Chemist: 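Supplied in structure tokens, the structure appears directly below.
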Amino acid sequence: MATALVIGGARGIGLAISQRLSRDGFQVTATSRKETPETASLPFEKLYFDVTDREGARAALRQRYGENGVPDVVVYNSGIIKDGLFALMNGEAWDSVLTTNLDGFYNCVQPLILGMLSRRAGRVIAVSSASGQAGQAGQVNYSASKAGLIGAVKALAREVGRRGILVNAVAPGVIETAMTATLPKDQVLPMIPLRRYGTVEEVASAVSFLAGPESTYITGQVLAVNGGLVI
Ligand code: NDP
């Protein structure tokens, strides 16, 4: 059975991705920072670590997959926002967002690449954002981190393509989750041509496509799931 690792796979968009890949036939391992009654009851294997803890992430992955073992698919979904105007942004808001959203990609994906290279197969999918494609006022830290992921995906796709590893990103627009719960919907909706927020399942469908058998000639790409927010 093919295996998928979903980093940040226990709630929100990540949970929908775990559920969808599971339905697609993958044996899913979902990560979360800590065990709670909710995470413990999920019908997947769980790994618990903080993506900002480089050594902790590496140790958890080594313990799960062994020295050279790797999943067939890794999805890097963990991410946070700490919005505010750049002129007033403190260092903590900058650091925590960059460390979680971008450094976490290094901490969780880099340890798996050698194994994928030696197997000559693998899929890496990063969850970026429309903010990383177009930039969003009030989100300079977040936009930088998500644009960084796009750059990383494109460069990594070039490095590992000849070993049969596909590396892509999805870039959601505004999706109905805890992260967007406090947005002023009446001001946001007019910016979205489809005039609605996206669902977590709609993002998971795009990830499913990039993880599955219908996308074997697609690498280094950014698949936007945004209702037309960024065109
Ligand atoms: P949620 O706030 O619902 O979920 C955030 C996810 O990130 C959780 O799985 C959480 O894991 C994980 N996470 C956060 N910090 C850490 C950490 N330090 N270590 C490990 N995991 C961490 O957000 P969404 O589901 O909305 O967002 C998921 C992804 O999609 C994010 O990368 C986000 O930037 C991106 N995105 C979301 C959009 C939206 O409109 N909602 C739009 C565009 C992109 P846990 O709490 O279980 O430890």
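From a predicted model like this one, the values you see are computed outputs, not experimental measurements.
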Chemist: Closest heavy-atom contact between Asn90 and Ala93?
Modeler: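 So the two residues come closest at OD1-N, 2.8 Å.
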Chemist: Check whether Tyr197 forms a cation-pi arrangement with Lys185 (NZ or CZ under 6.0 Å from the six-membered ring centre, at most 45° off the ring normal).
Modeler: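 Satisfied, under 6.0 Å and within 45°.
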Chemist: Under 3.5 Å, is there a donor-acceptor pair between the Ser205 and Glu202 side chains?
Modeler: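 Per modelled atom types, Ser205 and Glu202 side chains form no pair under 3.5 Å.
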Chemist: Go through the steps for Glu92 and Lys82 under the test salt bridge (Lys or Arg N to Asp or Glu O under 4.0 Å), then give the verdict.
Modeler: CA-CA 9 Å; Glu92 195 280 328; Lys82 288 208 178 153; 2.9 Å; yes
Chemist: Any donor-acceptor pair under 3.5 Å linking the side chain of Arg120 with the backbone of Leu117?
Modeler: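 No: the side chain of Arg120 does not pair with the backbone of Leu117.
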Chemist: Do any N or O atoms from the side chain of Thr99 and from the backbone of Thr52 form a donor-acceptor pair under 3.5 angstrom?
Modeler: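 Such a contact is absent between Thr99 side chain and Thr52 backbone.
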Chemist: Between Leu5 and Thr31, does a side chain to side chain contact (heavy atoms under 4.5 Å, CB included) hold up when you go through it step by step?
Modeler: CA-CA 8 Å; Leu5 171 65; Thr31 84; 3.8 Å; yes
Chemist: Please give me the minimum heavy-atom distance between Gly132 and Ala147, naming the atom from each residue.
Modeler: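 Smallest heavy-atom distance, with atoms named: O-CB, 3.4 Å.
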Chemist: In terms of side-chain geometry, is the basic nitrogen of Arg64 or Glu45 positioned less than 4.0 Å from the acidic oxygen of its partner?
Modeler: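 A salt bridge is present here (some side-chain N lies under 4.0 Å from a carboxylate O).
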Chemist: Check the hydrophobic clustering (I, L, V, M, F, W, Y; side-chain heavy atoms under 4.5 Å; chains of links allowed) and say if Leu223 and Val203 are grouped together.
Modeler: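 Yes, one cluster joins them.
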Chemist: List the steps and the verdict of side chain to side chain donor-acceptor pair (under 3.5 Å) for Gln221 and Asn168.
Modeler: CA-CA 5 Å; Gln221 303 304 310; Asn168 291 290; 5.6 Å; no
Chemist: Examine distances only and state if a side-chain atom of Lys46 and a backbone atom of Phe44 form a donor-acceptor pair shorter than 3.5 Å.
Modeler: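 Side chain of Lys46 to backbone of Phe44: a pair is present.
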Chemist: Tell me whether Lys154 at atom NZ has more than 12 heavy atoms from other residues, nucleotides or ligands lying less than 6.0 Å away.
Modeler: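 Open: at most 12 neighbouring heavy atoms sit under 6.0 Å from NZ of Lys154.
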Chemist: Any heavy-atom pair between the side chains of Thr199 and Glu176 that's under 4.5 Å?
Modeler: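 Not touching, per the 4.5 Å side-chain cut-off.
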Chemist: Would you say Ser208's side chain and Ala204's backbone share a donor-acceptor pair under 3.5 angstrom?
Modeler: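 It does not hold such a pair.
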Chemist: Answer with yes or no whether the hydrophobic clustering places Val74 together with Ile150; edges join I, L, V, M, F, W, Y residues whose side-chain heavy atoms lie under 4.5 Å apart.
Modeler: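 Different clusters: Val74 never reaches Ile150 through Ile, Leu, Val, Met, Phe, Trp or Tyr contacts under 4.5 Å.
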Chemist: Are the side chain of Thr180 and the backbone of Ile175 linked by a donor-acceptor contact shorter than 3.5 Å?
Modeler: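 A pair under 3.5 Å: yes.
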Chemist: State plainly whether the residues Arg11 and Glu38 are in salt-bridge range, i.e. N to O under 4.0 Å.
Modeler: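 Looking at Arg11 and Glu38, the cut-off is not met.
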Chemist: Got a second to check how far Gln19's CD is from Arg23's CZ, nearest 0.5 Å?
Modeler: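 The distance works out to 8.5 Å.
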Chemist: Evaluate the criterion side chain to side chain contact (heavy atoms under 4.5 Å, CB included) for residue pair Ile113 and Val124; output intermediate values, then yes/no.
Modeler: CA-CA 9 Å; Ile113 293 297; Val124 177; 4.1 Å; yes
Chemist: Do Ile231 and Asn226 come close enough that some side-chain heavy atom pair is under 4.5 Å?
Modeler: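 No, every pair of side-chain atoms sits at 4.5 Å or beyond.
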Chemist: Is there a continuous path of hydrophobic side-chain contacts, each under 4.5 Å between heavy atoms, that joins Val73 to Val127?
Modeler: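 Yes, Val73 connects to Val127 through the hydrophobic network.
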Chemist: Carefully, step by step, assess Arg123 and Ser215 under the rule side chain to side chain donor-acceptor pair (under 3.5 Å).
Modeler: CA-CA 10 Å; Arg123 306 274 179 107; Ser215 60; 3.2 Å; yes
Chemist: Tell me whether Arg162 at atom CZ has more than 12 heavy atoms from other residues, nucleotides or ligands lying less than 6.0 Å away.
Modeler: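 12 or below, so no.
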Chemist: Side chains of Val140 and Trp94: closer than 4.5 Å at any heavy-atom pair?
Modeler: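 Yes. Closest side-chain heavy atoms under 4.5 Å.
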Chemist: Has Asn77 got a side-chain atom pairing as donor or acceptor with Gly9's backbone, closer than 3.5 angstrom?
Modeler: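 Judged by distance alone, no pair lies under 3.5 Å.
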Chemist: With the threshold set at 4.0 Å, does a side-chain nitrogen-carboxylate oxygen contact exist between Arg119 and Asp72?
Modeler: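 Salt bridge flag = yes for Asp72 with Arg119.
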Chemist: Return the OG to CD distance between Ser131 and Gln139, rounded to the nearest 0.5 Å.
Modeler: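 Rounded to the nearest 0.5 Å, the OG-CD separation comes to 4.0 Å.
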Chemist: Working to the nearest 0.5 angstrom, can you tell me the gap between Asp103 CG and Asp53 CG?
Modeler: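 The distance works out to 12.5 Å.
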Chemist: So which heavy atom on Gly14 is nearest to which on Val6, and how close?
Modeler: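 Result for this residue pair: O-CG1, 3.8 Å.
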Chemist: For Ser18 and Val28, work out which heavy atoms get closest and say how close.
Modeler: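 Heavy atoms only, the tightest pair is O-CG2, 3.6 Å.
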Chemist: Is the shortest heavy-atom distance from the side chain of Tyr142 to the side chain of Ile81 under 4.5 Å?
Modeler: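 Yes, side chains in contact.
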Chemist: Atom CD1 of Ile165 and atom CG of Leu156: how far apart are they, to the nearest 0.5 Å?
Modeler: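 Between Ile165 CD1 and Leu156 CG, I get 7.5 Å after rounding to 0.5 Å.
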Chemist: Same cluster for Leu114 and Tyr106 if Ile/Leu/Val/Met/Phe/Trp/Tyr side chains link at under 4.5 Å?
Modeler: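 No.
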Chemist: Which atoms form the tightest heavy-atom contact between Ser78 and Val51, and what is the distance?
Modeler: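 Between these two residues, the closest heavy atoms are OG-CG1, 3.8 Å.
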Chemist: Got Leu210 and Val170 here, is their nearest side-chain heavy-atom distance under 4.5 Å?
Modeler: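 Touching, per the 4.5 Å side-chain cut-off.
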Chemist: Give the intermediate values and the outcome of side chain to side chain contact (heavy atoms under 4.5 Å, CB included) for residues Leu183 and Val174.
Modeler: CA-CA 10 Å; Leu183 288 179; Val174 187; 3.9 Å; yes
Chemist: Using the salt bridge (Lys or Arg N to Asp or Glu O under 4.0 Å) rule, take Glu67 and Arg62 through it: C-alpha gap first, then chi angles, then the decisive distance, then the call.
Modeler: CA-CA 6 Å; Glu67 204 54 53; Arg62 194 180 303 122; 3.7 Å; yes
Chemist: Are Ile17 and Leu166 joined in one hydrophobic group, where the rule is that I, L, V, M, F, W and Y side chains link up if heavy atoms are under 4.5 Å apart?
Modeler: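 As far as the 4.5 Å side-chain criterion goes, Leu166 and Ile17 are not connected within one cluster.
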Chemist: Quick one: CG on Leu189 to CG on Leu229, what's the gap to the nearest 0.5 Å?
Modeler: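 Answer rounded to 0.5 Å: 11.0 Å.
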Chemist: Report yes if some heavy atom in the side chain of Pro71 is under 4.5 Å from a heavy atom in the side chain of Leu112; otherwise report no.
Modeler: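 Pro71 reaches Leu112 side chain to side chain.
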Chemist: Has the side chain of Arg33 got a donor or acceptor atom that lies under 3.5 Å from a matching backbone atom of Phe49?
Modeler: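 Side chain of Arg33 to backbone of Phe49: no pair is present.
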Chemist: Start with the C-alpha distance between Thr36 and Thr39, add both sets of side-chain angles, then the distance that settles side chain to side chain donor-acceptor pair (under 3.5 Å), and finish with yes or no.
Modeler: CA-CA 5 Å; Thr36 63; Thr39 58; 3.2 Å; yes
Chemist: Please assess Phe86 against Asn141 for the test side chain to side chain contact (heavy atoms under 4.5 Å, CB included), listing each intermediate value before the final yes or no.
Modeler: CA-CA 8 Å; Phe86 190 61; Asn141 50 355; over 6 Å; no
Chemist: Heavy atoms only: give me the nearest Pro172-Ser128 pair and the separation to one decimal.
Modeler: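 Here Pro172 and Ser128 meet closest at CD-O, 3.3 Å.
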Chemist: First locate atom CG of Leu61, then atom SG of Cys108, and finally report the distance between them rounded to the nearest 0.5 Å.
Modeler: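 Rounded to the nearest 0.5 Å, the CG-SG separation comes to 6.0 Å.
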